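First the structure, in the form of structure tokens, and then the observations on it.
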Amino acid sequence: MSDQMLPPLTLILGGARSGKSSYAEGLLTALPVPWAYIATAEAFDDEMRRRIEHHQARRGAGWIQYETPLDIAATLSGDAADQPCLVDCLTLWLSNLMHADRNIAHETDNLVGALSKRSAPCIMVSNEVGLGIVPDNDLARLFRDEAGRLNQRIAAVADCVVFVAAGLPMTLKG
Amino acid sequence: MSDQMLPPLTLILGGARSGKSSYAEGLLTALPVPWAYIATAEAFDDEMRRRIEHHQARRGAGWIQYETPLDIAATLSGDAADQPCLVDCLTLWLSNLMHADRNIAHETDNLVGALSKRSAPCIMVSNEVGLGIVPDNDLARLFRDEAGRLNQRIAAVADCVVFVAAGLPMTLKG
Amino acid sequence: MSDQMLPPLTLILGGARSGKSSYAEGLLTALPVPWAYIATAEAFDDEMRRRIEHHQARRGAGWIQYETPLDIAATLSGDAADQPCLVDCLTLWLSNLMHADRNIAHETDNLVGALSKRSAPCIMVSNEVGLGIVPDNDLARLFRDEAGRLNQRIAAVADCVVFVAAGLPMTLKG
């Protein structure tokens with residue numbers, strides 16, 4: 001019944017350091033333990049390592065950690081299928097897909113398919129990156145376009161979509 | 001009477017790939033055909049050509065297309081005066097004005113004047129570009145300032161203003 | 001009693017040229033004169049001088065001006081302690097602190113402490129800078145992170161938080 005407290009899919013959008021991850025964790029940890037943390041970050045440099053550690057330190061016990069830079073669909077429909085999940089974050093997942101030269105449209109279809117089969121709640125965190133000036137370089141423009149498309153796609157199938165600014169939620173859907 | 005379904009002026013704001021154009025098209029195509037599409041884009045390179053074709057492919061029959069990189073006021077008060085219009089987008093129009101060395105304040109006054117004389121609905125799409133870090137170069141900063149001023153000016157005279165994120169609307173006015 | 005028209009602390013967030021300063025001034029000037037204007041801008045180049053003069057020209061009589069690039073906590077709890085205040089803006093204050101190599105966490109604690117002791121209304125204006133693509137350079141990324149943290153911290157203690165886009169308010173809190 002506790003799973004009824006959250007719908008199957010919630011998307012949390014926000015900018016850098018907007019408090020979106022903390023907000024998402026707060027939603028999930030209102031449910032009974034354990035909670036699955038599906039991390040898309042890879043510690044390939046010191047700055048990223050510090051960011052990951054900063055996030056891990058803020059979370060306490062009760063979390064099952066999955067390090068899943070690419071295959072979050074497999075984790076969501078496999079080991080974590082019956083667990084309340086937090087995916088943090090979709091934007092980094094997209095970046096990882098692009099670096100690995102994966103087919104974005106195909107991977108997004110896979111993800112949407114995996115989400116549609118779950119009943120345990122899933123909260124996905126994603127960055128809004130399209131509200132600044134047009135980037136100078138081609139790759140940044142392409143990334144921005146793909147990130148916007150991915151957010152639209154997930155928002156369309158989500159039960160609830162929340163935009164977080166300065167730690168405060170605005171409900172866009174649900 | 002169907003024109004009563006939309007007020008004379010609606011402004012749709014959003015980031016890159018936020019779904020703002022699709023949302024605007026959805027509003028307009030709820031009215032009977034024909035609909036005027038006032039395109040401010042010019043296909044001066046391959047990337048822009050692909051973006052224009054992507055947008056055109058998404059739209060179907062029923063549209064009268066106007067290619068108007070600069071003189072949207074003339075189109076709105078001339079050939080398209082009695083047609084429900086979609087102007088896509090103001091941000092590109094501003095960029096075109098700056099490249100053509102037009103007087104922004106004067107052109108904006110003209111546009112607001114033309115809009116004030118219409119009774120057929122007009123939907124204008126515009127980018128929000130001021131929510132990132134301050135750009136390095138002078139021209140980008142100037143553009144960002146002018147884009148912000150233009151959005152404020154149109155929002156002040158609009159009957160309805162909607163902010164779109166991930167394809168979902170937040171009503172700011174109306 | 002007029003001070004009851006505004007709560008002790010209001011945070012106004014928005015992008016560049018979003019109309020956030022005008023909106024904040026409108027809130028404050030609904031109270032009886034005088035109003036304190038706590039400016040964090042320093043005119044260290046021509047562009048900044050023009051921006052400051054543009055803002056000053058828009059404001060009329062009734063304002064007491066404080067030029068406070070760094071020590072806004074001292075002004076808020078000192079000379080301006082009993083005056084309705086507008087702090088414009090926190091983002092520039094953060095930038096000034098970083099240039100002066102001050103301890104951000106310590107200065108933020110001081111500010112929150114000073115705010116907690118006031119009963120006269122204070123409106124703080126701040127930029128949202130985290131909704132664009134990840135900046136290329138380290139300093140811009142650090143600034144973006146600190147700006148996001150600062151906005152979250154002030155939003156947490158504010159009675160009212162408003163996001164302004166195209167001159168139009170969206171209430172996030174209060």
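Letters go in sequence order (proteins before strands), and every chain restarts at 1. Here the structure is a predicted model, which means the values were calculated and not measured.
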So if I take each residue of residues 140-155 of chain B and look for any heavy atom under 4.5 Å from a heavy atom in chain C, which residues do I end up with? B:Arg141, B:Arg144, B:Asp145, B:Gly148, B:Arg149, B:Asn151, B:Gln152, B:Ala155
Considering only heavy atoms, give the residues of [range] separated from chain B by less than 4.5 Å, sorted numerically, with 'none' for an empty result.
range: residues 124-134 of chain C; answer: C:Glu128, C:Val129, C:Gly130, C:Leu131, C:Gly132
range: residues 61-68 of chain C; answer: none
range: residues 97-111 of chain C; answer: none

Any idea which of C:Pro169, C:Ser18, C:Ala166, C:Gly167 has the most non-hydrogen atom pairs under 4.5 angstrom with chain B?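 The option with the most such pairs is C:Ala166.
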State the CG-CG distance between C:Leu168 and B:Leu13, to the nearest 0.5 angstrom. 8.5 Å
Proximity breakdown for C:Tyr23 and chain B, heavy-atom pairs closer than 4.5 Å: neither
Just checking C:Asp159: does its CG atom have more than 12 heavy atoms from other residues, nucleotides or ligands closer to it than 6.0 angstrom? yes
